[in-house]
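Here the structure comes first, spelled out in structure tokens, and everything after it is commentary.
Note that the coordinates shown come from a computational prediction; the quantities given were computed from them, not determined experimentally.
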Amino acid sequence: MHPEPEQPLPVILPQVRGKILILTICAAGIGGTFQYGYNLTIINAPTVFIQSFINETWLDRTGATLEGKMITLVWSFIVSVYPLGGLVGALIAAPMAVKMGRKKSLLVNNAFVALAALLVGFSRLAKSFEMILLSRFFAGINSGVAMSIQPMYLGESAPKELRGAVAMTSASFTALGLVLGQVAGLREILGAEESWPILLASNVVPGLIQLVLLPWAPESPRYLLIDRGDQGSCISALQQLRGSNDLSSEMKEILLEQAALQGQAPKAPWELWRNRAVRWQFITVMVLSSAMQLCGNDSMYFYASYVFQEAGIPYDKIQYSVIGTGSCELIMSMTCNLLIEYVGRRVLLIGGYCLMATWAILFMVALSLQDQLSWMPYLSMACIFAYILSFGIGPAGVTGIIPTEIFDQVSRPAAYTISGSLLWINLFLVGLAFPFVMESLGYYCYLPFFTVCVGTALYAWFFLPETKGKSFLEISEEFVKRNFGDQPCDNNAWVCPEEIISTRM
């Protein structure tokens, strides 16, 4: 392979330096993981109104009302179809990212949320609760694609010394979406009976904002060079993102990665399962992505009102208490953006899960004593806030960064397909199973989540290497040693080329 001829490089104005990277982060986030958090919470406020609409619609069609169990069944389908759409989105994210690129995939992805908004916006006028069902499915697809591609795009676009902080903004936008969804659902804003179609259709606004902002951001430099072989566009993208013409060191690293992967096609998810060269990376993504939902944090958002009611919080205060849960995660995820490049990924991940396990035990004790001590309900509420704060410390953000850092360019989209699929499958399972867990275990309903937190912390302690400040090549070399030990590597392993391909900047 020969480097392309030198091309004239545009001069980067000093006042532009750093602004393009910030624009990229904000544009990707507002129409990306923000949508996941926002769509997760806006459905809570109009529950009663939509159930009433379902009954009225059925009465108009048949002249008979639905039984309570049938209304609950239809409502459960509306809620559960969102993670089903998310699973579909996670499955199509990898081919989208490979064929269209990271940036274009995020832009095209807004078609799903626009369709979702149109369906739910006109559902009451059309007297069709089926349109709400389809709307939630398409909103799920949008979130599923975004949850996979946004952290991949940001991780590939950020400099290695800021990669963790930049990629962790995905968690901050998720938490921001959770909070704004809860705020929009307040009765004083869009949570009233007459405005629920507007509330559910408001997810189109972040999509429109992304369509305006993201075209000004560059494509992932690694995608441009390694996947497309376009060195000139890669250099131009790096100049915009770094605000500098001195790119020798970073271009050398990307060219090394390109040389190491030369001739390899993008991997399919099932190929990662069979490939010994990525065995421990595959196991790590399986464990961390499953724990993301099985730790019980999102059950707080599905059943927050019920949990607070059981904890003894007055009914008229519950909607404001629920907003506090999302605010906790937002505050902590933003704080951890500043900490991650100082303390590292492992410390935040292990610390977060250990604290969650501690709060789970205290929460169960508080629930068991709430009938005996008058102040116990407030301790229960404090434990819920602390649990979500602890989730925001590490698991919320670090989990999304790991696939970017531990997989190479040809395996990364497939890794995010696996990660995203597990996230959505487990979200569905937890949402389905948690009411039964609460019914069967009572005060000890968080015992399964405690077990998951402890097990994940132990796995990260023994098997997850620290990736802070390391290049993708250095991280991959660590996993080569872990996957093969002293045995010779196979042809699919990452082997650094002895000759470094250089380019003049």
Side-chain angles (χ1 to χ4, degrees), residues 12 14-30 32-34 102-103 106 149-176 213-214 216-226 234-254 256-257 330 332-349 392-394 396-409 412 416 465-476 478 505:
I12 305 296
Q15 59 267 31
V16 178
R17 296 183 180 182
K19 291 184 179 179
I20 297 297
L21 181 59
I22 295 172
L23 171 68
T24 302
I25 293 168
C26 295
I30 194 64
T33 53
F34 177 91
R102 289 36 166 166
K103 171 184 164 182
L106 288 174
I149 294 181
Q150 182 190 336
M152 190 191 319
Y153 175 44
L154 295 180
E156 291 176 0
S157 299
K160 67 180 181 181
E161 62 272 12
L162 293 176
R163 189 172 59 230
V166 170
M168 199 163 180
T169 58
S170 298
S172 299
F173 277 101
T174 298
L176 181 62
L213 295 180
L214 192 58
W216 298 94
E219 178 57 271
S220 157
R222 290 178 181 274
Y223 173 80
L224 290 170
L225 181 56
I226 299 174
C234 172
I235 293 172
S236 177
L238 279 175
Q239 286 181 314
Q240 292 180 66
L241 290 165
R242 306 294 178 263
S244 170
N245 290 332
D246 183 15
L247 307 172
S248 318
S249 175
E250 192 162 4
M251 277 301 297
K252 176 193 269 190
E253 179 196 329
I254 300 176
L256 272 172
E257 187 175 352
L330 175 61
M332 189 52 66
S333 62
M334 293 180 70
T335 303
C336 288
N337 282 337
L338 306 175
L339 296 176
I340 190 169
E341 297 300 348
Y342 292 96
V343 301
R345 284 63 156 157
R346 286 181 79 250
V347 173
L348 291 178
L349 198 65
I393 285 176
V398 174
T399 306
I401 300 170
I402 294 299
T404 296
E405 296 194 320
I406 66 177
F407 282 92
D408 58 45
Q409 190 78 12
R412 193 171 295 129
Y416 270 104
E466 181 54 70
T467 56
K468 179 187 70 171
K470 296 177 182 176
S471 69
F472 290 130
L473 283 169
E474 292 169 334
I475 297 167
S476 294
E478 280 197 37
M505 307 306 298

Of all the heavy-atom pairs spanning [X] and [Y], show the shortest one and how long it is.
| X | Y | value |
| --- | --- | --- |
| M251 | L225 | CE-CD2, 4.0 Å |
| G400 | P151 | O-CB, 3.6 Å |
| V398 | R345 | CG1-CB, 3.9 Å |
| A27 | I30 | O-CG2, 3.6 Å |
| E478 | P465 | OE1-CB, 3.2 Å |
| S333 | A171 | OG-O, 4.0 Å |

How far does [atom1] of [X] sit from [atom2] of [Y], to the nearest 0.5 angstrom?
| X | Y | atom1 | atom2 | answer |
| --- | --- | --- | --- | --- |
| M332 | L348 | CE | CG | 10.0 Å |
| L349 | I402 | CG | CD1 | 6.5 Å |
| Y416 | T404 | OH | OG1 | 2.5 Å |
| L241 | S220 | CG | OG | 8.5 Å |
| W216 | L23 | CH2 | CG | 9.5 Å |
| R222 | R102 | CZ | CZ | 11.0 Å |

Let's go through I340 and I401 carefully: what are the C-alpha distance in whole Å and the side-chain angles of both, what is the deciding distance for side-chain contact (heavy atoms from CB on, under 4.5 Å) to 0.1 Å, and is it a yes or a no? CA-CA 11 Å; I340 190 169; I401 300 170; 3.6 Å; yes
I want to check something: taking the side chain as every heavy atom from C-beta on, are [X] and [Y] in contact at a cut-off of under 4.5 Å?
| X | Y | answer |
| --- | --- | --- |
| C26 | I22 | yes |
| P218 | I20 | yes |
| L21 | P159 | yes |
| I254 | L238 | yes |

Given K468, R163, K470, R412, the one that forms side chain to side chain donor-acceptor pair (under 3.5 Å) with E405: R163
Keeping Q409 on the side-chain end and I226 on the backbone end, is there a donor-acceptor pair under 3.5 Å?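 The answer is no, because no donor-acceptor pair under 3.5 Å joins these two groups.
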